[in-house]
Amino acid sequence: MDSQKTKTLGIVLILFLLLLFYKCPIQSVTGLPCPGCNMKTSLYYLLHLNINKSLYYHALLIPTLILFVVCIVNYKNEQRVKGILIVWCILMIVYYMYRMIVYFPDSPMIYSKNNLIYLIFRHV
């Protein structure tokens with residue numbers, strides 16, 4: 001496998017793992033939800049076949065999973081994978097802005113006081 005293709009596949013895998021199985025570093029530092037926040041909750045409800053709740057917590061989970069599979073299948077076509085990732089990033093940013101305007105600071109886009117900046121500045 002070509003080195004560049006391996007890197008591209010690695011980036012796709014890391015993004016997938018970060019969004020689904022890792023505690024959000026953005027929310028841990030700032031308290032603000034990130035574009036991928038609530039994907040784990042959405043995945044939980046999707047696995048329990050509760051589609052409405054899954055879509056409520058993160059409507060782009062299902063497209064993200066589909067695009068992940070498409071990237072894996074097309075790992076040899078670097079341009080296609082790059083295009084898919086660009087479209088996915090744009091969709092995530094647009095959806096994030098929508099959620100921040102419509103939902104923040106209410107569920108599912110809540111502000112977490114359990115963050116580094118809040119802990120530092122509450123003593124100042």
Side-chain angles (χ1 to χ4, degrees):
M1 190 181 317
D2 184 89
S3 175
Q4 185 62 30
K5 292 176 187 173
T6 304
K7 288 179 187 176
T8 303
L9 186 59
I11 290 170
V12 170
L13 182 61
I14 288 170
L15 286 172
F16 180 74
L17 292 173
L18 283 174
L19 290 173
L20 296 178
F21 303 109
Y22 186 71
K23 185 172 180 177
C24 180
I26 295 172
Q27 195 164 31
S28 296
V29 173
T30 67
L32 297 172
C34 75
C37 276
N38 297 310
M39 272 202 170
K40 284 193 289 190
T41 307
S42 179
L43 179 62
Y44 171 83
Y45 285 113
L46 181 64
L47 292 174
H48 286 86
L49 303 177
N50 190 334
I51 304 298
N52 288 335
K53 275 198 174 182
S54 177
L55 293 174
Y56 170 75
Y57 281 102
H58 207 294
L60 290 184
L61 172 69
I62 296 170
T64 298
L65 294 173
I66 293 168
L67 290 177
F68 176 73
V69 170
V70 170
C71 285
I72 296 296
V73 169
N74 290 291
Y75 75 92
K76 291 183 179 180
N77 189 337
E78 181 182 327
Q79 291 294 45
R80 183 174 291 160
V81 171
K82 186 176 179 181
I84 290 168
L85 290 176
I86 289 170
V87 169
W88 177 79
C89 287
I90 292 169
L91 287 173
M92 287 293 284
I93 291 168
V94 170
Y95 182 60
Y96 176 68
M97 291 184 323
Y98 165 77
R99 288 171 42 148
M100 290 299 282
I101 292 168
V102 174
Y103 295 113
F104 186 78
D106 298 321
S107 178
M109 300 296 283
I110 59 173
Y111 174 77
S112 171
K113 287 188 178 179
N114 188 17
N115 69 75
L116 184 61
I117 293 174
Y118 180 79
L119 294 174
I120 291 171
F121 286 104
R122 76 176 184 177
H123 296 294
V124 175

If Ile, Leu, Val, Met, Phe, Trp and Tyr residues are connected whenever their side-chain heavy atoms lie under 4.5 Å apart, and connections chain through other members, are [X] and [Y] in the same group?
| X | Y | result |
| --- | --- | --- |
| Val87 | Phe68 | yes |
| Val102 | Tyr96 | yes |
| Met100 | Tyr111 | yes |
| Met109 | Ile101 | no |
| Ile110 | Tyr44 | no |

Through direct or indirect side-chain contacts below 4.5 angstrom among Ile, Leu, Val, Met, Phe, Trp and Tyr, which residues connect to Ile90? Ile86, Val94
For Met97, which fellow cluster members are found when Ile, Leu, Val, Met, Phe, Trp and Tyr are connected by side-chain heavy-atom distances below 4.5 angstrom, either directly or through intermediates? Ile93
Atom [atom1] of [X] and atom [atom2] of [Y]: how far apart are they, to the nearest 0.5 Å?
| X | Y | atom1 | atom2 | value |
| --- | --- | --- | --- | --- |
| Asn115 | Arg122 | CG | CZ | 10.5 Å |
| Phe121 | Leu116 | CZ | CG | 9.5 Å |
| Met92 | Cys34 | CE | SG | 7.5 Å |
| Leu67 | Ile72 | CG | CD1 | 11.5 Å |

Excluding sequence neighbours, so at least two apart, what forms side-chain hydrogen bond (donor to acceptor under 3.5 Å, both in side chains) with Tyr118? none
Under 3.5 Å, side chain of Asn50 to main-chain N/O of Lys53, donor-acceptor pair present? yes
Could you tell me how the ring of Tyr98 sits relative to the ring of Tyr103: parallel (under 30°), tilted (30 to 60°) or perpendicular (over 60°)? perpendicular
So which atom in [X] and which in [Y] form the shortest heavy-atom distance, rounded to 0.1 Å?
| X | Y | result |
| --- | --- | --- |
| Ser107 | Tyr56 | O-OH, 3.0 Å |
| Tyr95 | Ala59 | OH-N, 3.0 Å |
| Leu61 | Leu46 | CD2-CD2, 3.9 Å |

Looking at Ser54, Pro108, Cys37, which hits side-chain contact (heavy atoms from CB on, under 4.5 Å) with Ser42? Ser54
Evaluate His58 against Thr64 for side-chain contact (heavy atoms from CB on, under 4.5 Å), listing each step before the verdict. CA-CA 10 Å; His58 207 294; Thr64 298; 5.7 Å; no
With the side chain counted from C-beta on, respond yes when Ile62 and Ile66 share a heavy-atom pair under 4.5 Å apart, and no when they do not. yes
Is there a side-chain contact between Lys7 and Glu78, using heavy atoms and a 4.5 Å cut-off? no
